[in-house]
Amino acid sequence: MANLNYEKSVARLEEITEKLENGNLPLEEMIKLYEEGTALAAKCAKVLDAAQLKITELSAGKANDDE
């Protein structure tokens, strides 16, 4: 999972969600997939937070340049 970029992480998360919603899996596998999904969701949130911070910093820098 550590080697997945954001886009691949989201794609895997969508795949996991589909499998869990289908519900035709043994409980142990569902728990394993849920655990992987929550880790992927946290990873994606972290990437998005970092991107938002970077955009905010760049926007602030541009605003300071305009003054």
Side-chain angles (χ1 to χ4, degrees):
M1 180 176 59
N3 59 347
L4 295 179
N5 64 18
Y6 175 78
E7 289 77 12
K8 288 181 181 179
S9 294
V10 170
R12 176 65 180 148
L13 189 54
E14 289 172 348
E15 179 183 322
I16 289 169
T17 301
E18 186 176 316
K19 286 181 179 182
L20 289 173
E21 286 177 347
N22 190 8
N24 294 333
L25 300 171
L27 179 60
E28 292 80 18
E29 188 172 347
M30 290 178 75
I31 291 170
K32 181 181 171 187
L33 287 171
Y34 183 82
E35 183 177 20
E36 181 183 354
T38 56
L40 283 168
K43 177 184 175 181
C44 289
K46 185 177 178 181
V47 170
L48 288 175
D49 288 344
Q52 183 178 14
L53 178 62
K54 183 68 172 180
I55 290 168
T56 301
E57 290 171 351
L58 291 171
S59 296
K62 184 178 180 194
N64 289 337
D65 290 344
D66 290 344
E67 291 179 0

Point to revise | Derivation and outcome, side chain to side chain contact (heavy atoms under 4.5 Å, CB included), residues Leu33 and Glu36 | key: CA-CA 5 Å; Leu33 287 171; Glu36 181 183 354; 4.1 Å; yes
**Study point:** Other cluster members, Val47 - Ile/Leu/Val/Met/Phe/Trp/Tyr, side-chain contacts below 4.5 Å
**Key:** Tyr6, Val10, Leu48
Exercise for review: Taking all non-hydrogen atoms of both residues into account, name the closest pair between Gly37 and Leu13 and its distance.
Suggested key: O-CD1, 3.4 Å
Check your understanding: What pairs with Asn22 under side-chain hydrogen bond (donor to acceptor under 3.5 Å, both in side chains), at least two apart in sequence or on another chain?
Key -> Asn24
Exercise for review: Could you list the residues that satisfy side chain to side chain contact (heavy atoms under 4.5 Å, CB included) with Glu7, not counting sequence neighbours?
Suggested key: Asn5
Review point. Salt bridge (charged side-chain N to carboxylate O under 4.0 Å, His left out) with Glu15: which residues, sequence neighbours excluded?
Key: Arg12, Lys19
**Study point:** Least distance between heavy atoms, Leu40 atom then Ile16 atom
**Key:** CD1-CD1, 3.8 Å
**Study point:** ILVMFWY clustering at 4.5 Å (side-chain atoms), partners of Ile55
**Key:** none
Exercise for review: Check side chain to side chain contact (heavy atoms under 4.5 Å, CB included) between Ile31 and all other residues, then give those that pass, not counting sequence neighbours.
Suggested key: Leu27
